[in-house]
There are 2 protein chains.
Amino acid sequence: MREKLEKYYSFVFEKELIDEIVQVGVYKKLRENEILVDLGDKMKGIPLLLEGAIKIVREDKNGEEILLYFLERGDTCASSFASAISNGKCGIRAIAEKESEIIFLPKEKLDEWMLKYKSWRNFVIESYNIRLNEMMETIDSLAFMNMSERLYKYLTDKAQIMRETSLNTTHQNIAYDMHTSRVVISRLLKQLENEGKIKLHRNKIEILEF
Amino acid sequence: MREKLEKYYSFVFEKELIDEIVQVGVYKKLRENEILVDLGDKMKGIPLLLEGAIKIVREDKNGEEILLYFLERGDTCASSFASAISNGKCGIRAIAEKESEIIFLPKEKLDEWMLKYKSWRNFVIESYNIRLNEMMETIDSLAFMNMSERLYKYLTDKAQIMRETSLNTTHQNIAYDMHTSRVVISRLLKQLENEGKIKLHRNKIEILEF
DNA sequence: TAAATTAAGTGATGTAAATCACAAAATAAT
DNA sequence: ATTATTTTGTGATTTACATCACTTAATTTA
């Protein structure tokens with residue numbers, strides 16, 4: 001735990017803070033597709049992502065989903081922070097896209113560290129900023145892009161987060177993330193393949209052009 | 001200035017902080033449609049809204065707009081906070097929807113107050129939370145709602161922010177905010193009128209049902 | 001008061017995406 | 001090996017919204 005913490009966070013946190021995190025943080029390994037946070041959960045702390053990839057989705061009353069953004073190592077879930085501090089509910093669901101490792105930080109420390117460590121204050125503010133910007137990008141793609149552009153962005157974004165050039169997924173799962181239908185995704189994928197940007201296989205999409 | 005500050009912020013900030021704000025804050029009155037923050041601005045501080053209503057919009061490369069959310073008294077612009085702290089650029093435009101009053105807080109104080117005042121820390125975190133939630137609502141409406149529902153939400157939201165039961169605006173301006181065409185808005189408005197939810201006039205929309 | 005400008009109404013048509021219905025592969029289960 | 005299940009392909013149809021083209025009404029200005 002300490003090793004990975006130092007690897008990804010030593011440029012972010014001062015040494016004393018890393019020591020404290022090692023003391024109070026709870027290490028947890030997440031299986032692929034494991035739900036880390038669910039709709040309406042009250043957070044007792046926040047997760048620091050050490051390794052892996054987490055998908056953050058929003059769900060409406062009819063149970064329909066839309067992807068908000070992905071988290072990768074070095075990230076934390078700003079929504080959880082909010083929820084943890086204010087004892088409010090979390091409006092999102094967080095699911096491990098692949099096996100991941102996190103450190104869970106108890107909420108009691110969150111405000112205490114705001115006083116003690118400038119690096120922690122920066123990290124919290126910076127995390128909120130990144131998330132606000134991601135949300136704006138999501139709004140941009142919903143408001144300004146057509147399905148084909150959104151799909152291509154989805155594929156390249158996800159490939160980067162997963163650190164792979166091909167994605168192991170189905171057309172149906174992409175449709176769920178993008179809140180559209182499988183038929184639409186299948187047709188647009190075929191089109192992207194004809195344009196030479198991707199190559200389709202069963203349960204797998206190779207991305208040829210980034 | 002002190003009077004309104006105490007009226008809307010005395011339950012949020014401790015007395016000492018209000019005193020400091022009065023000392024270093026710069027009061028400013030905004031005319032209707034005045035631009036407070038523009039795309040790519042680097043913020044030298046953040047605005048506290050004392051009175052009025054501010055519209056926050058996002059713009060894409062083609063100059064097309066979409067409304068993100070409104071700010072009302074008691075609010076601050078989380079995007080500016082981010083930009084001010086990190087010296088980064090602001091990805092949004094903020095426009096006064098009506099005559100408004102703000103206090104501009106210099107960025108040097110922002111971090112200093114994080115140490116000194118718990119109420120300030122809470123306010124900053126709380127502001128980010130509110131904004132994250134607003135963005136999620138915006139994403140919800142783009143992803144899950146049809147134009148008619150979005151339009152009705154737009155009208156009722158805006159009426160509440162403006163503290164009026166009728167809005168002085170044109171179909172074209174609504175279309176700009178919602179990133180659609182005037183024709184579409186005109187037709188949907190007529191439909192809402194037939195359903196008895198609103199009443200249409202020239203340059204004015206009465207909202208009959210909230 | 002006439003002309004110009006701005007706001008709103010409306011028919012016709014185009015188009016991206018949604019939905020339906022079913023076929024054809026590929027893979028997994030028995 | 002046969003059956004069942006999952007994944008992908010594809011035509012046909014519908015729908016919401018976009019776009020075009022033009023009219024009518026209200027308001028401003030000259």
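Proteins get letters first, then strands, A, B, ... in listed order; numbering begins at 1 in each.
In this structure, OH of A/Tyr176 is placed 15 Å from P of C/dA18, rounded to the nearest angstrom. Distance B/His201 NE2 to C/dT6 P: 23 Å, rounded to the nearest Å. Look at CD1 on B/Ile185: it is 16 Å from P on D/dA16, rounded to the nearest Å. Rounding to whole angstrom units, CZ of residue A/Phe144 and C1' of D/dC17 are separated by 17 Å. For the pair A/Asn146 CG and D/dT19 P, the computed distance is 12 Å after rounding to whole Å. Atom CE of A/Met178 is separated from atom C1' of C/dA18 by 14 Å (rounded to the nearest Å). Following rounding to the nearest Å, A/Leu151 (CG) and C/dA16 (C1') show an atom-to-atom distance of 14 Å. The interatomic distance linking A/Leu200 (CG) with C/dA25 (P) rounds to 16 Å, in whole Å.
With hydrogens and angles ignored, the 3.5 Å screen pairs a side-chain donor or acceptor of A/His179 with a backbone N or O of B/Ala143. With hydrogens and angles disregarded, a donor-acceptor distance shorter than 3.5 Å links the side chain of B/Thr156 to the backbone of B/Lys153.
A cation-pi arrangement is absent between B/Lys158 and B/Phe70 under the rule of less than 6.0 angstrom and at most 45 degrees off the ring axis.
The nucleotide whose nearest atom lies closest to any side-chain atom of A/Asn203 is, among C/dG9, D/dT8, D/dT10, D/dT8. Of the candidate nucleotides D/dT8, D/dC17, C/dA8, C/dA8 has the atom nearest to the side chain of B/Ser186. Distances from the side chain of A/Met147 to the nucleotides D/dC17, C/dA18, D/dC20 place C/dA18 closest.
You'll find a donor-acceptor pair under 3.5 Å spanning the side chain of A/Arg202 and the base of D/dT6, going by distance alone. Between the base of D/dT7 and the side chain of A/Arg182 there is no donor-acceptor pair shorter than 3.5 Å.
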Check against side chain to side chain donor-acceptor pair (under 3.5 Å), A/Asn173 and A/Thr170: CA-CA 5 Å; A/Asn173 280 328; A/Thr170 65; 3.3 Å; yes
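Here B/Thr180 lies in heavy-atom contact (under 4.0 Å) with sugar-phosphate atoms only. Residue contacts for B/Ser181: at a heavy-atom cut-off of 4.0 Å it reaches a base atom on one of the strands shown.
At a threshold of 4.0 Å, the pair A/Arg58-B/Asp140 counts as salt-bridged, since one of the basic side-chain nitrogens sits closer than that to a carboxylate oxygen.
Listed pair A/Lys190 / D/dT8 fails the phosphate criterion, with no side-chain N or O lying under 4.0 Å from OP1 or OP2. The phosphate of C/dG9 (OP1 or OP2) has a side-chain N or O of B/His171 nearer than 4.0 angstrom.
Each of A/Lys204 and A/Arg187 was assigned the nucleotide of DNA chain D with the nearest heavy atom; the assignment lying further toward the 5' end belongs to A/Lys204.
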